[in-house]
Amino acid sequence: MRHQRPIYAAAALAVATVSLTPLAAHADSGTTLYVKPGATCSDSGTGTAATPYCTIQAAANAAVAGDTVSVAPGTYTAETDITTSGTSSAPIKFVTGAFGGYSSSAVIDNASINYGFDVSGASYVTIQGFTVDSTATNPILVSDSNYVTVDSTTVYGGKQSNNPAAILVYGASASDNTISRNVVRGYRNNYGIYVDSGGTGNVVTTNLVTGAVSNGIMNDGSADATIVSNTVVGYCGIGMESGGNEFGAGLNATIENNVVSGESCADSVALTWGENADAAVADYNIVHATDSGTFPYEVNGTTYTTSAALNTATGQAAHDLNSDPGISATGTITSATSPLIDSANSSAPGELSTDLVGNARVDDPLVANTGVGTYAYYDRGAYEYQDPIAIPDYVIKDVSTLTVGYEAGVLNTSWGSTTVKYDFGDGSAPVTAAAGVMVNHTFPKP
């Protein structure tokens, strides 16, 4: 008899099945260049697996369109300047951690270097999976570049107090860049994520800025900017801003599905934008101010204490909420009845089908869907609430003949009763039954 195949638990609802699968260390076209300091490395070689580069910079100098630079785990102390462009069909990728096929990530940590990564005048570059612990100025700078993606990085800003921003997109031609699924922790000065006024079409989506003692996310007037599904918690100053006193709001900015909560000091503002407020689209955010001296909203210098008051004055924030989002100090959803569950606009520009950590969007059957768009069950903010299903052991009742009995225990789930699907692995159709019910199956041969 063949060994039984896994049992799958299925809650009594339809859920999204799209997930973020870590990328293997290969390029869609071109070559994989390896970086791994050690006895066999050489910056004058060709970056093979047998003789990898010692520094990320050496690989960046050698990479051309379509190449993937796979960086082994470890601590790197040198700045990496990227000036070579990929193409739309063959970007240049810098990957580590799960994206490079490793169990942990490469860490860039040196308080005396200006940047961890400086992408300058380049296009179609992806930076994915790194940790940048400390630099003298900006841990990650995207300057006068376009179609650059910074994804799934972690930036710790607690060691420095003079960084203008943890992730800075800057310059007149810095357009169509995507800052997604990044975590900025303990940021001490200015902003966690800052998009300068020069470029257009930049996207800031599904990021977490937490533990900051300064400001969260800033779009300083960049036109057609998208700020969607981010979570800012524990800020001091301004949680999220589009526009500013100096430049005004970027035309056609979209600010949707964000969560701003838990200011760490008084006299803060959760969400603000400057001039041309009627040109921005702000909706489906959760803006929760807890301190008596903090205002949820400020638009062009006028403060508003509720989304209803803001909507009356500007027409924006019709579906914003000002209630407690039910999240932890690190942005995770801690309440099964959180108002951000199943309440987002899934069709907002820049909205991703997976959350900060790659979880699929799922429909919570215990919460009424109040969202809009293609799917009415997307959650607001950077995290999607997941049911903590625990798959039980199952027992085989009889192995004396080709007929075998299986019985799975009751699944531990906060989403109520479940069924179990048995896949016997012999080409027969799977059988679905209630948990705890015996299922007999006769195999065609031993």
Side-chain angles (χ1 to χ4, degrees), residues 114-115 118-121 137-150 155 157 162-180 182 184 187-209 212-232 235-256 258 260 268-282 285 287 295 297-303 314 316 349-350:
N114 284 323
Y115 315 105
D118 177 6
V119 186
S120 180
T137 52
N138 307 110
I140 298 178
L141 172 64
V142 178
S143 136
D144 285 316
S145 299
N146 52 73
Y147 299 103
V148 173
T149 298
V150 179
V155 179
N162 62 333
N163 303 109
I167 301 174
L168 174 62
V169 179
Y170 180 83
S173 58
S175 299
D176 300 303
N177 301 293
T178 299
I179 310 301
S180 58
N182 303 291
V184 179
Y187 207 65
R188 293 180 60 185
N189 194 49
N190 288 325
Y191 288 86
I193 299 172
Y194 189 105
V195 179
D196 181 55
S197 60
T200 63
N202 293 297
V203 177
V204 179
T205 179
T206 322
N207 300 282
L208 170 67
V209 178
V213 290
S214 193
N215 308 298
I217 296 174
M218 168 65 155
N219 166 41
D220 201 355
S222 179
D224 297 311
T226 297
I227 306 174
V228 167
S229 281
N230 303 284
T231 294
V232 178
Y235 63 95
C236 177
I238 298 174
M240 185 173 293
E241 181 172 3
S242 182
N245 295 328
E246 186 175 357
F247 297 106
L251 294 175
N252 303 318
T254 298
I255 311 165
E256 290 198 54
N258 300 289
V260 184
S268 297
V269 176
L271 176 59
T272 179
W273 62 92
E275 299 172 3
N276 301 318
D278 56 344
V281 175
N285 303 292
V287 182
F295 290 98
Y297 304 97
E298 181 183 88
V299 177
N300 203 21
T302 301
T303 56
T314 68
Q316 302 294 341

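All residue numbers in this chain count up from 1 along the given sequence.
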(request) Flag the pair Val184 / Ile193 as yes when at least one side-chain heavy-atom distance between them is below 4.5 Å, and no otherwise. (result) yes
(message) Working note: Val204 + Asn219, criterion side chain to side chain contact (heavy atoms under 4.5 Å, CB included); need CA distance, chi angles, decisive distance, verdict.
(response) CA-CA 9 Å; Val204 179; Asn219 166 41; over 6 Å; no
(message) I'd like to know if the side chain of Asp144 pairs up with that of Ser173 as donor and acceptor (distance under 3.5 Å, no hydrogens or angles considered).
(response) yes
(request) Please report the shortest heavy-atom distance between Ala174 and Val169, naming the atom on each side. (result) CB-CG1, 3.9 Å
(message) Measuring from atom CG of Asn177 to atom CG of Asn146, what distance do you get when rounded to the nearest 0.5 angstrom?
(response) 6.5 Å
(message) side chain to side chain contact (heavy atoms under 4.5 Å, CB included), that's the test. Do Val155 and Asn182 meet it? Break it down for me.
(response) CA-CA 8 Å; Val155 179; Asn182 303 291; over 6 Å; no
(message) Give me the atom names and distance for the closest heavy-atom approach of Tyr235 to Ser268.
(response) CE1-CB, 3.7 Å
(request) Might you point out which heavy atoms bring Ser242 and Ile227 nearest each other, and give the distance in Å? (result) CB-CD1, 4.5 Å
(message) Going by the rule side chain to side chain contact (heavy atoms under 4.5 Å, CB included), which residues pair with Ala282 if we only count those two or more places apart in sequence or in a different chain?
(response) Ile255, Trp273, Asn285, Gln316
(message) What's the separation between atom CD1 in Ile179 and atom CD1 in Ile140, rounded to the nearest 0.5 Å?
(response) 7.5 Å
(message) To the nearest 0.5 Å, what is the distance between CE on Met240 and OG1 on Thr272?
(response) 12.0 Å
(message) Main chain of Ser143, side chain of Ser145: is a donor-acceptor contact present, judged purely on distance under 3.5 Å?
(response) yes
(request) Name all residues meeting the side chain to side chain contact (heavy atoms under 4.5 Å, CB included) criterion together with Thr303; count only those two or more places apart in sequence or in a different chain, and write none if there are none. (result) Phe295, Glu298
(message) Is there a side-chain contact between Val281 and Glu256 in this structure, where contact means two heavy atoms from C-beta onward sitting under 4.5 Å apart?
(response) yes
(request) Find out whether Tyr115 and Thr137 are in side-chain contact, i.e. whether some heavy atom of one side chain is under 4.5 Å from a heavy atom of the other. (result) yes
(message) Tyr297 vs Val287, test: side chain to side chain contact (heavy atoms under 4.5 Å, CB included). Steps then yes/no.
(response) CA-CA 8 Å; Tyr297 304 97; Val287 182; 3.7 Å; yes
(request) Give a yes or no on whether the backbone of Thr200 and the side-chain of Ser175 come within a donor-acceptor separation of less than 3.5 Å. (result) yes
(request) Provide the closest heavy-atom pair for Ser222 versus Asn202 in the form atom of the first, atom of the second, distance. (result) OG-ND2, 3.5 Å
(message) Quick one: does any side-chain atom of Thr205 pair with a main-chain N or O of Gly350 as donor and acceptor, under 3.5 Å?
(response) yes
(request) Evaluate the criterion side chain to side chain contact (heavy atoms under 4.5 Å, CB included) for residue pair Leu168 and Tyr191; output intermediate values, then yes/no. (result) CA-CA 9 Å; Leu168 174 62; Tyr191 288 86; over 6 Å; no
(message) Counting C-beta onward and ignoring hydrogens, is there a side-chain heavy-atom pair between Thr206 and Ser180 closer than 4.5 Å?
(response) no
(message) I'd like to check the ring pair (Phe, Tyr, Trp, His ring centres under 6.0 Å) partners of Tyr170; sequence neighbours left out, ordered by chain and number.
(response) none
(message) Pairing donors with acceptors under 3.5 angstrom, does anything connect the side chains of Asn230 and Asn258?
(response) yes
